[in-house]
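Written below as structure tokens is the structure these notes are about.
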Amino acid sequence: MAHLEPYGGDYFSFVLIGIAFSGYLMTALRSFSESIRGEQMMGTLEAMLVTPTDTSAIVTLSSLWSFIFMSFRVLMYLLIGILLGVDMSNANIFAALIILVLTIICFGSIGIISASFIMVLKRGDPINMFFMSTSELFGGVLFPISVLPEWLQTISHILPITYSLSGMRHALLQGYSLSALAPEIIALSIFSVVLVPLGLLSFTYAVKRAKMDGSLVQY
Amino acid sequence: MRYTIETCELTKKFGLQKGFTDFFLHPFRKDEITAVEEVNIKIEKGELFGILGPNGAGKTTLIKMLCTLILPSEGTAHINGYDLVKDSGKVRRSIGFITSDERSFYWRLTGRQNLKFFASLHNYYSNDAEVRIDELLSLVGLKDRADDEFLSYSAGMKQRMAIARGLLNDPAVLFMDEPTKALDPGAAQNLRGFIKEHIIGDEGKTVFLSTHNLPEAEELCDRIAIIDEGRIKVIGTLEGLKDALDKPDPGLNDVFLHYTGKEFKEVAPKRAYSGRRGVMRGFRGGRRGGLRF
């Protein structure tokens with residue numbers, strides 16, 4: 001229980017936020033690469049890429065629905081949680097929205113890097129593998145990272161999901177102010193500053209490489 | 001800008017995937033196959049230019065390079081005055097690509113919905129798109145079936161829909177990759193008539209058409225380039241090409257034989273590129289290229 005104290009002490013509330021918002025990471029990791037793969041398999045990608053619309057815009061907008069649907073799912077999770085007694089009366093909605101925007105930027109960038117690997121390698125994307133296998137275990141989805149041995153917590157600290165979930169719990173369950181959420185906001189901002197250009201560069205390179213190889217529409 | 005399409009020494013080489021043993025025995029060796037080699041073409045506005053060659057000769061690779069879907073390895077090309085690599089966005093704005101692949105549509109959507117979707121990718125929205133789509137559906141004779149699902153269309157209707165999509169942005173240049181490939185002789189003849197009458201006659205487009213169909217090339221093209229093993233062997237008008245032969249009333253088949261030294265149907269694509277998997281299949285003694293004459 002002591003490990004849950006920083007989040008209000010209630011495990012159900014803790015795990016509800018964890019499961020609800022970790023869905024964004026899974027959506028980001030899947031949707032970008034799946035949108036490319038889907039169009040490749042249907043045979044429509046080539047017809048799309050010969051239009052003036054930029055490849056990155058096509059991939060990003062193709063994934064938009066997945067994020068909207070995920071947001072709807074998160075809302076449902078939270079509503080059901082409230083009906084089952086989760087106390088969000090002190091929630092700082094504005095701060096939660098800021099954390100959410102930063103979360104989507106970070107996770108989206110990771111998803112675009114993952115899609116870049118898919119575009120070049122076609123299968124076996126290491127980014128997806130790394131984040132899928134580590135985030136649930138080390139990112140604080142099902143239990144606080146403080147229960148992990150200290151050396152394993154190092155892994156948690158290099159994962160954006162750790163800061164995202166921690167910030168979201170503090171904002172929604174305990175109503176932390178923006179200044180109190182500064183550590184999470186700063187960490188997520190740093191991740192964004194690094195991941196956004198990395199995502200754009202890797203995707204630009206991947207498209208160029210696929211066009212060089214003539215493998216743009218191969219899957 | 002004198003020429004609508006102009007290429008200079010345009011070349012495409014594809015790297016071959018290494019086998020496990022090659023990876024260790026020759027780690028620095030770069031195995032490549034040349035799909036298109038030093039292509040020089042100049043096409044004027046309003047011309048219907050045909051590129052004729054057997055499967056695997058490099059026609060599709062050349063068209064895809066000119067449509068910015070594949071980057072050239074060497075050489076340059078300009079479409080409507082825009083550099084193919086540096087101004088690829090502007091090139092795409094000024095071209096239409098008509099493929100024979102009927103999978104390039106969403107089969108569960110109606111013809112109209114498909115066109116609306118692709119119109120939005122060309123930055124046409126709401127009323128502008130509706131008007132343009134109606135015009136094109138009338139042009140290709142599909143207005144009555146526009147609200148039926150794409151999957152219910154015949155092969156000829158699907159190809160007409162591909163033409164409508166290629167014309168959405170009112171492009172100056174149309175690239176057609178074997179447009180009659182999947183059609184029966186009657187439907188193919190109708191489509192050829194449509195291309196000649198409407199696309200060239202009414203719309204005045206510059207058309208770059210690839211085909212492995214001799215009668216099609218003879219019937220449609222103002223000028224023809226014969227491509228074999230990635231190289232352009234000759235370019236000229238059909239009459240000009242025939243005049244160079246010492247044979248009474250020669251056909252395009254004779255022209256091909258004269259300039260390539262091969263019967264059209266005998267061409268086996270030993271060097272020809274048909275995608276990486278195709279190449280590997282070829283080396284392992286699998287399918288040796290489809291020959292349609």
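Keep in mind that this is a model prediction, so the values were computed, not measured. Below, each value reflects all heavy atoms present in this structure, side chains not excepted, and no hydrogens, waters or symmetry copies. A note on names: the letters A, B, ... follow the listed sequences, proteins ahead of strands, and every chain is numbered from 1.
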Listed partners of A:Q153 passing side chain to side chain donor-acceptor pair (under 3.5 Å), at least two apart
none

Flag the one option from B:K12, B:R165, B:M65 with the top tally of heavy-atom pairs under 4.5 Å to chain A.
B:K12

Proximal to chain A - members of residues 105-119 of chain B, heavy-atom separation under 4.5 Å
B:F105, B:Y106, B:F117, B:F118

Checking side-chain polar atoms at under 3.5 Å, does B:T60 have a donor or acceptor matched by the opposite partner on B:D177?
yes

Restricting to ring pair (Phe, Tyr, Trp, His ring centres under 6.0 Å), what partner residues turn up for A:F21, sequence neighbours left out?
none

Per-residue contact mode, B:K90 against chain A (heavy atom under 4.5 angstrom):
neither

Compare every heavy atom of A:L165 with every heavy atom of A:I17, then report the nearest pair and how far apart it is.
O-CD2, 4.0 Å

Under 3.5 Å, is there a donor-acceptor pair linking the side chains of A:T103 and A:S164?
yes

Heavy-atom closest pair (A:F138 atom, A:S156 atom, distance to 0.1 Å) is O-OG, 2.6 Å

Tell me if the CZ atom of A:F94 is crowded by more than 12 foreign heavy atoms within 6.0 Å.
no

Residues of residues 52-82 of chain A near chain B, each having a heavy atom less than 4.5 Å away:
A:P52, A:T53, A:I58

Quick check for you: among B:I98, B:L121, B:L168, which has the greatest number of heavy-atom pairs under 4.5 Å with chain A?
B:L121

Counting heavy-atom pairs under 4.5 Å to chain B, which of A:L49, A:L45, A:V207 comes out on top?
A:L49

With respect to chain B, which residue among A:M42, A:K211, A:M212 yields the maximal number of heavy-atom pairs within a distance under 4.5 Å?
A:K211

Under 3.5 Å, is there a donor-acceptor pair between the B:T11 and B:E37 side chains?
no

B:F97-B:F175 aromatic ring centre distance below 6.0 Å
no

Between B:K13 and B:E74, is the closest basic N to carboxylate O distance under 4.0 Å?
yes

So, A:S33 side chain and A:A115 main chain: donor-acceptor pair closer than 3.5 Å or not?
no

Between B:E178 and B:T211, is there a side-chain donor-acceptor contact under 3.5 Å, judged purely by atom types and distance?
no

